[in-house]
> 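Below is the structure I would like to discuss, written out as structure tokens.
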Amino acid sequence: MTVTTLGGAGSDDGVATFSGILLLLPLLYLVVAKLGRRRATWPLLVAGVAVIFVLEGLELIAPAAVFTAIALVVLVWGAVDGQLRRSGVFRLQALGMLGFGALALIGLAVDPDLGRYAVAAGWFLHGVWDLVHLKRDKVVSRSFAEWCCVVDIVIAIELAIGF
């Protein structure tokens with residue numbers, strides 16, 4: 001999937017779409033960490049992408065709003081069961097969700113020309129995040145971390161140069 005297939009990086013729609021997808025990436029890590037099931041990585045990605053396409057097609061609610069709400073539910077769940085207070089994998093993923101989520105939401109809140117750079121930074125940094133997880137062989141499936149690292153960095157470059 002390239003920026004050019006989703007309306008262009010500089011357009012309002014392109015930035016909004018890639019902001020929503022950027023929110024999906026750390027959400028996936030967060031949910032997999034909460035469940036403790038690496039095998040759930042690919043099925044959750046497929047479900048997340050399906051949600052994006054359905055919501056984009058229906059134009060009722062932005063995928064970013066849905067993914068933000070899901071992230072808040074998972075974070076509250078982690079806080080209630082004490083997992084968020086303990087140091088460890090879930091806590092680190094929660095911090096990642098907050099950081100990447102902030103970049104995605106900044107991308108939605110500012111002018112699209114500036115927003116695409118915030119979103120590009122988020123995609124690039126998530127590619128680095130994937131690389132670290134690939135090297136440590138933690139949280140998500142190894143094949144996903146490898147694939148996502150490459151895809152994230154390619155999309156970041158396309159966003160930054162404005163395809």
Side-chain angles (χ1 to χ4, degrees), residues 1 6 12-110 112 114-134 136 138-142 144-145 147-149 151-153 155-156 159:
M1 178 181 323
L6 291 169
D12 289 353
D13 290 342
V15 172
T17 298
F18 279 93
S19 292
I21 298 170
L22 177 58
L23 283 165
L24 173 62
L25 303 175
L27 176 59
L28 183 68
Y29 274 81
L30 184 69
V31 172
V32 170
K34 181 68 183 121
L35 297 174
R37 304 248 191 278
R38 293 175 77 176
R39 293 178 305 191
T41 306
W42 286 104
L44 286 171
L45 176 65
V46 170
V49 170
V51 166
I52 289 169
F53 281 105
V54 167
L55 293 175
E56 290 282 333
L58 294 175
E59 296 181 2
L60 294 175
I61 187 167
V66 172
F67 294 144
T68 300
I70 294 169
L72 289 173
V73 167
V74 175
L75 290 169
V76 168
W77 178 18
V80 168
D81 73 4
Q83 198 172 9
L84 192 57
R85 288 187 295 278
R86 295 187 296 267
S87 64
V89 172
F90 182 75
R91 189 176 193 179
L92 179 63
Q93 301 313 313
L95 292 172
M97 183 73 232
L98 293 173
F100 294 116
L103 286 170
L105 295 176
I106 288 168
L108 290 171
V110 299
L114 179 59
R116 77 180 166 97
Y117 291 112
V119 175
W123 277 87
F124 179 80
L125 292 171
H126 197 271
V128 173
W129 184 264
D130 292 320
L131 189 60
V132 169
H133 283 79
L134 174 65
R136 296 187 69 216
K138 300 279 183 185
V139 186
V140 295
S141 72
R142 192 166 171 74
F144 174 80
W147 171 82
C148 196
C149 173
V151 169
D152 291 359
I153 291 173
I155 289 175
L159 281 163

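Count residues from 1 along the sequence.
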> Which heavy-atom pair separates Ile61 from Ala65 by the least distance, and what is that distance?
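Heavy-atom minimum between the residues: CG1-CB, 4.0 Å.
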> Looking at every heavy atom in both Leu108 and Ala16, which two are closest together, and how far apart are they?
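Looking at all heavy atoms of both residues, the shortest contact is CD2-CA, 3.5 Å.
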> How close do Gly127 and Cys149 get, counting heavy atoms only, and between which atoms?
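The pair with the smallest heavy-atom distance is O-SG, 3.4 Å.
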> Quick one, Leu75 and Leu30 - any side-chain contact, counting heavy atoms below 4.5 Å?
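In contact.
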> Which heavy atom of Gly107 sits nearest to which heavy atom of Val119, and what is that distance?
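Minimum heavy-atom contact is CA-CG2, 3.7 Å.
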> Using modelled atom types and a 3.5 Å cut-off, is there a donor and acceptor pairing between side-chain atoms of His133 and backbone atoms of Trp129?
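Here the side-chain-to-backbone pair exists.
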> I'd like to know if the side chain of Arg85 and the backbone of Ala79 have a donor-acceptor N/O pair within less than 3.5 Å.
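It does hold such a pair.
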> CG of Leu24 to CD1 of Ile52: how many Å apart, nearest 0.5 Å?
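So the gap between those two atoms works out to 5.0 Å.
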> Looking at CG of Leu44 and CZ of Arg39, how far apart are the two atoms once the value is rounded to the nearest 0.5 Å?
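It comes to 12.0 Å.
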> For the residue pair Leu84 and Ala94, what are the closest heavy atoms and their distance?
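Closest approach of Leu84 to Ala94: CD1-CB, 3.5 Å.
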> Could you tell me how the ring of Trp42 sits relative to the ring of Trp147: parallel (under 30°), tilted (30 to 60°) or perpendicular (over 60°)?
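The arrangement is tilted - the two ring planes meet at 30° to 60°.
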> Would you check, one step at a time, whether the test side-chain contact (heavy atoms from CB on, under 4.5 Å) holds for Leu27 with Val31?
CA-CA 6 Å; Leu27 176 59; Val31 172; 3.9 Å; yes
> Compare all side-chain heavy atoms of Gln93 with those of Val140 and state whether any distance is below 4.5 angstrom.
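Contact flag for Gln93/Val140 side chains = no.
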> Looking at side-chain heavy atoms only, is the closest gap between Leu25 and Trp123 below 4.5 Å?
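Yes, their side chains come closer than 4.5 Å.
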> Roughly how far, to the nearest 0.5 Å, is OG1 of Thr17 from CD of Glu56?
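Output value for this atom pair is 4.0 Å.
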> Would you say Phe124 and Leu159 make side-chain contact, with heavy atoms under 4.5 Å?
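Counting from C-beta outward, Phe124 and Leu159 never come under 4.5 Å.
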> In Å, rounded to the nearest 0.5 Å, how long is the span from CZ of Phe144 to CZ of Arg38?
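That separation rounds to 12.0 Å.
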> First locate atom NZ of Lys138, then atom OH of Tyr29, and finally report the distance between them rounded to the nearest 0.5 Å.
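If we round to the nearest 0.5 Å, Lys138:NZ and Tyr29:OH are 13.5 Å apart.
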> Taking the side chain as every heavy atom from C-beta outward, state whether Phe100 and Leu23 have any pair of such atoms under 4.5 Å apart.
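Sidechains of Leu23 and Phe100: no contact.
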> For Gly115 and Val15, work out which heavy atoms get closest and say how close.
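Looking at all heavy atoms of both residues, the closest pair is C-CG1, 4.1 Å.
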> Nearest 0.5 angstrom please: Phe90 CZ to Leu35 CG, how far?
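One gets 9.5 Å once the value is rounded to the nearest 0.5 Å.
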> Would one find more than 12 heavy atoms of other residues, nucleotides or ligands at under 6.0 Å from atom CZ of Arg142?
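Atom CZ in Arg142 is packed in, count exceeds 12.
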> Counting N and O atoms only, with roles assigned by atom type, does the side chain of Thr41 sit under 3.5 Å from a partner on the main chain of Ser141, one being a donor and the other an acceptor?
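Indeed, once roles are kept as given, a pair shorter than 3.5 Å links the two residues.
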